[in-house]
Q: 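First, the structure itself, so that you have it in front of you.
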Amino acid sequence: MFKQIGILITILGAIFIYLSHNNQNLLKIALKPRWKYLGIITLLIGLKFLCSNQIIIGVFMWLICLSVILSFIPFIQVIFKNDKSIVD
């Protein structure tokens, strides 16, 4: 149960960090820097949930989850084939 919650919180944190970067292409304007800090906090909370049983497995799952999410997010715009951004 904690691992699923940890993965969801990690996904949310990675999305916050990606959307607060200036070079992202999903939104017309990047989110404010406070969202980046909120993303970092949620990533650490997600890591805490994933490390509930064994630390090494939790860290490995967290790193794999982050690498997959941050690699997939830029392609969301290509998949949905929107004009310029998802949010107008």
Side-chain angles (χ1 to χ4, degrees):
M1 181 70 178
F2 284 124
K3 293 189 190 283
Q4 290 88 0
I5 293 171
I7 290 174
L8 291 175
I9 291 173
T10 302
I11 291 171
L12 188 65
I15 290 172
F16 284 158
I17 289 176
Y18 180 79
L19 291 179
S20 64
H21 196 269
N22 291 333
N23 292 331
Q24 57 88 19
N25 59 0
L26 292 178
L27 303 175
K28 288 185 179 180
I29 300 172
L31 297 178
K32 294 182 180 179
R34 68 175 178 213
W35 289 97
K36 178 172 38 175
Y37 300 127
L38 180 67
I40 292 170
I41 291 171
T42 55
L43 284 179
L44 293 176
I45 292 171
L47 178 62
K48 176 68 176 162
F49 274 106
L50 286 173
C51 290
S52 62
N53 291 335
Q54 293 182 353
I55 294 175
I56 194 76
I57 295 173
V59 171
F60 180 72
M61 287 175 58
W62 186 69
L63 289 173
I64 294 297
C65 190
L66 274 177
S67 65
V68 168
I69 293 165
L70 291 176
S71 299
F72 178 71
I73 289 176
F75 295 106
I76 291 175
Q77 186 177 13
V78 175
I79 292 170
F80 289 120
K81 295 183 181 177
N82 202 353
D83 294 332
K84 284 287 186 180
S85 67
I86 291 175
V87 179
D88 287 330

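Keep in mind that this is a model prediction, so the values were computed, not measured. Numbers here are sequence positions counted from 1. Note that these values count all heavy atoms, side chains included, but never hydrogens, waters or copies made by symmetry.
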Q: Report the C-alpha distance between Leu47 and Thr10 in whole Å, list the side-chain angles of each, state the deciding distance to 0.1 Å, and finish with yes or no for side-chain contact (heavy atoms from CB on, under 4.5 Å).
A: CA-CA 7 Å; Leu47 178 62; Thr10 302; over 6 Å; no

Q: If every non-hydrogen atom of Gly6 is compared with every non-hydrogen atom of Phe49, which pair is closest and at what distance?
A: CA-CB, 3.6 Å

Q: Checking side-chain contact (heavy atoms from CB on, under 4.5 Å) against Ile69, which of Ser67, Cys65, Ser71 comes through?
A: Cys65

Q: Say you draw a straight line from CD1 of Ile76 to CD1 of Ile15; how long is it, rounded to the nearest 0.5 Å?
A: 6.5 Å

Q: How long is the gap from CG on Leu66 to CE on Met61, to the nearest 0.5 Å?
A: 12.0 Å

Q: For the backbone of Leu44 and the side chain of Trp62, can you confirm whether one donor and one acceptor N or O come within less than 3.5 Å of each other?
A: no

Q: Within the 4.5 Å heavy-atom criterion, are Pro74 and Tyr18 side-chain neighbours or not?
A: yes

Q: Is it the case that atom CG in Leu8 sees more than 12 heavy atoms from other parts of the structure closer than 6.0 Å?
A: yes

Q: Can you check whether Ile41 reaches Phe16 side chain to side chain, under 4.5 Å on heavy atoms?
A: no

Q: Step through the shown structure and confirm whether more than 12 heavy atoms of other residues, nucleotides or ligands are within 6.0 Å of NZ on Lys3.
A: yes

Q: So Ile17 and His21, side-chain contact (heavy atoms from CB on, under 4.5 Å) or not? Walk me through it.
A: CA-CA 7 Å; Ile17 289 176; His21 196 269; over 6 Å; no

Q: Rounded to the nearest 0.5 Å, what separation is found between the CG atom of Leu50 and the CD1 atom of Ile9?
A: 8.5 Å

